[in-house]
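First the structure, in the form of structure tokens, and then the observations on it.
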Amino acid sequence: MTDDTEKARAYLWELQTQIAEATGLRYPKPGTGMEKVFIAIARTQGFSDEQVEWFARTGVAELDHWPPCGPDEHRVGYSLIHSLADRLEEVLAGPFTRPVLGMLSTGEVNAVTLLAPDSPTHIVAFENELLNFANLFAKAVALAIPHEIGDDGWYAFHPDSDDVHRHLRDSPLAVRRFRDVVLAYLIEGKPSKAPAYMPSEAVGALSSVLRDGMELFVLGHEYGHVAAGHVADRRVPRRMLGIGSVPVAEIAWRREQEAEADVIGWSLCLAALGRGCGLELSHAGVELFFAACEVLNRSVSLLMQGASAPLPASSTHPPAVVRRDLLREHAEKILGEKARPLLEYGTLIHEIVDVLWEQTAPVILDLHRQGVVPDARWTANLQ
């Protein structure tokens, strides 16, 4: 571990400590008989049974090859992010040095790359509620997809638009769950404030694949910048809730670098996930991530302005629709006819999210008329 890495990690920990002091939220430390507390936190944060079970086995102690966990670092998030990194690095070709990874209140449904004032080492910071949101958002979308058990005992899902409309009409639970998680994140800044529920085995299985696809792509994109050797030649200030006088500089990648990182991140995601889940479902998780970005963008705009007008574009990431279209073009280029089922499934994912959004937007508009405002994380970086 180099001095530059140590400096970058110390800077990340300093930011996390400032947030902990500003919010009053501190997490129990491992090795102090607090294992049950860690697991309880995981459950209240909305993580799946599969994630909680994994955390119960590994989350109470750092794995030997992981870096140390910070004194005010979210233990569940730390464990989940480094487990994602392990999965990506298994499919990476050649040597790779893991960047400094962590969670901060970035106010962007994404991860961002930061630089410490005295170190060139990249800090990849996940929005600190992104993993919660990805889990609950994927569950709500999975609820909207009708399914049946085949003669072979396997679940068969039917993401056809007409079937989805009939399913939601007859069983509107997915709409309520979708609305709950979007409103909890939009207004309170905490997706876990949405009412907890236990999905069926089928819904849980599908949602876990969609969630993993979302999360692996987010980290894979940031890995793409490192793997491609992108030079960080432009920085922009990043404002975060709870951060006082500590300056925070985010790397603003050029658009062609962003596109290349998306391609690498997509390839890593499909390689890490596709071996057990198939390319269609793996790609569906990437499409769901873009759909989630669009939903949050529309939600913030609708609650603030009373209309779904586009908000100011991110200074570091292109619009989700642009990224999605470029990736679809890339898939067609390298897969040819084999890309068709991936793209069709991706289109259906967006249609499903659009159906759920259509029944959520009127509620947000009504809240706008009542004077409700979004959580401050969503407006901190609006110009």
Side-chain angles (χ1 to χ4, degrees), residues 1-23 66-74 77-78 80-82 84-85 88 96-131 189 215 217-255 257-258 260-262 264-265 293 312-318 376-383:
M1 193 174 297
T2 67
D3 288 344
D4 284 335
T5 300
E6 291 288 1
K7 289 177 181 177
R9 183 164 293 114
Y11 176 72
L12 171 67
W13 289 357
E14 180 183 3
L15 297 179
Q16 290 173 334
T17 295
Q18 284 215 11
I19 292 173
E21 291 174 347
T23 61
W66 288 357
C69 182
D72 291 297
E73 192 157 11
H74 191 300
Y78 161 87
L80 292 175
I81 288 173
H82 283 284
L84 291 171
L88 290 176
F96 183 84
T97 300
R98 183 175 298 189
V100 174
L101 305 175
M103 298 170 69
L104 294 167
S105 301
T106 66
E108 186 167 336
V109 188
N110 217 324
V112 297
T113 304
L114 309 177
L115 286 176
D118 56 354
S119 170
T121 299
H122 291 184
I123 302 170
V124 174
F126 276 67
E127 153 63 22
N128 63 357
E129 293 290 340
L130 175 59
L131 300 180
E215 296 171 353
F217 174 70
V218 169
L219 184 56
H221 170 94
E222 302 302 332
Y223 269 37
H225 287 300
V226 179
H230 290 164
V231 176
D233 53 8
R234 189 168 71 92
R235 307 182 189 188
V236 295
R238 164 66 64 171
R239 291 183 288 275
M240 298 186 207
L241 297 183
I243 301 299
S245 59
V246 179
V248 180
E250 179 182 355
I251 296 174
W253 303 108
R254 296 191 301 275
R255 287 301 187 245
Q257 293 174 323
E258 285 289 284
E260 185 178 14
D262 269 349
I264 295 173
C293 292
S314 166
S315 59
T316 57
H317 289 98
R377 75 179 61 222
W378 303 119
T379 57
N381 286 280
L382 294 180
Q383 302 298 325

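Source: prediction; values computed, not measured.
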Taking all non-hydrogen atoms of both residues into account, name the closest pair between [X] and [Y] and its distance.
X	Y	result
Arg238	Met240	CG-CE, 3.5 Å
Ala125	Thr106	O-CG2, 4.2 Å
Ala116	Lys7	CB-O, 4.4 Å
Pro68	Trp13	O-CZ2, 3.6 Å
Asp262	Phe217	OD1-CZ, 3.3 Å
Ala85	Leu101	CB-CD1, 3.8 Å

Non-neighbouring partners of Glu260 that pass side chain to side chain donor-acceptor pair (under 3.5 Å), sequence neighbours left out: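 Checked Glu260 against side chain to side chain donor-acceptor pair (under 3.5 Å); matches are His230.
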Partners passing side chain to side chain donor-acceptor pair (under 3.5 Å) against Glu222 (at least two apart in sequence or in another chain):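 In terms of side chain to side chain donor-acceptor pair (under 3.5 Å), with neighbours along the sequence ignored, Glu222 is linked to Thr113.
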Of all pairs that satisfy salt bridge (charged side-chain N to carboxylate O under 4.0 Å, His left out), the ones with a partner from residues 111-127, not counting sequence neighbours: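 Listed by first then second residue: Glu127-Arg377.
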Evaluate the side-chain proximity of [Y] to [X]: yes if any heavy-atom separation is below 4.5 Å, no if none is.
X	Y	answer
Ile81	Leu131	yes
His221	Glu258	yes
Trp378	Val109	yes

When rounded to the nearest 0.5 angstrom, what distance separates [atom1] in [X] from [atom2] in [Y]?
X	Y	atom1	atom2	value
Leu219	Leu130	CG	CG	10.5 Å
Leu114	Ser119	CG	OG	12.0 Å
Glu21	Gln16	CD	CD	12.5 Å
Thr17	Leu12	OG1	CG	9.0 Å

Leu104: which of Ile19, Asn128, Ile123 passes side-chain contact (heavy atoms from CB on, under 4.5 Å):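 The residue from Ile19, Asn128, Ile123 that satisfies side-chain contact (heavy atoms from CB on, under 4.5 Å) with Leu104 turns out to be Ile19.
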Residue among Leu88, Val124, Ile264 satisfying side-chain contact (heavy atoms from CB on, under 4.5 Å) with Tyr223: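 Only match with Tyr223 under side-chain contact (heavy atoms from CB on, under 4.5 Å): Leu88.
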For His122, ring-ring contact (aromatic ring centres under 6.0 Å, His included) partners two or more places apart: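 So His122 forms a ring-ring contact (aromatic ring centres under 6.0 Å, His included) with Trp253.
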Qualifying residues under ring-ring contact (aromatic ring centres under 6.0 Å, His included), relative to Phe126, sequence neighbours excluded: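 Per chain and number, Phe126 pairs via ring-ring contact (aromatic ring centres under 6.0 Å, His included) with no residue.
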Non-neighbouring partners of Arg235 that pass salt bridge (Lys or Arg N to Asp or Glu O under 4.0 Å), sequence neighbours left out: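 Counting only residues at least two positions away or on another chain, Arg235 forms no salt bridge (Lys or Arg N to Asp or Glu O under 4.0 Å).
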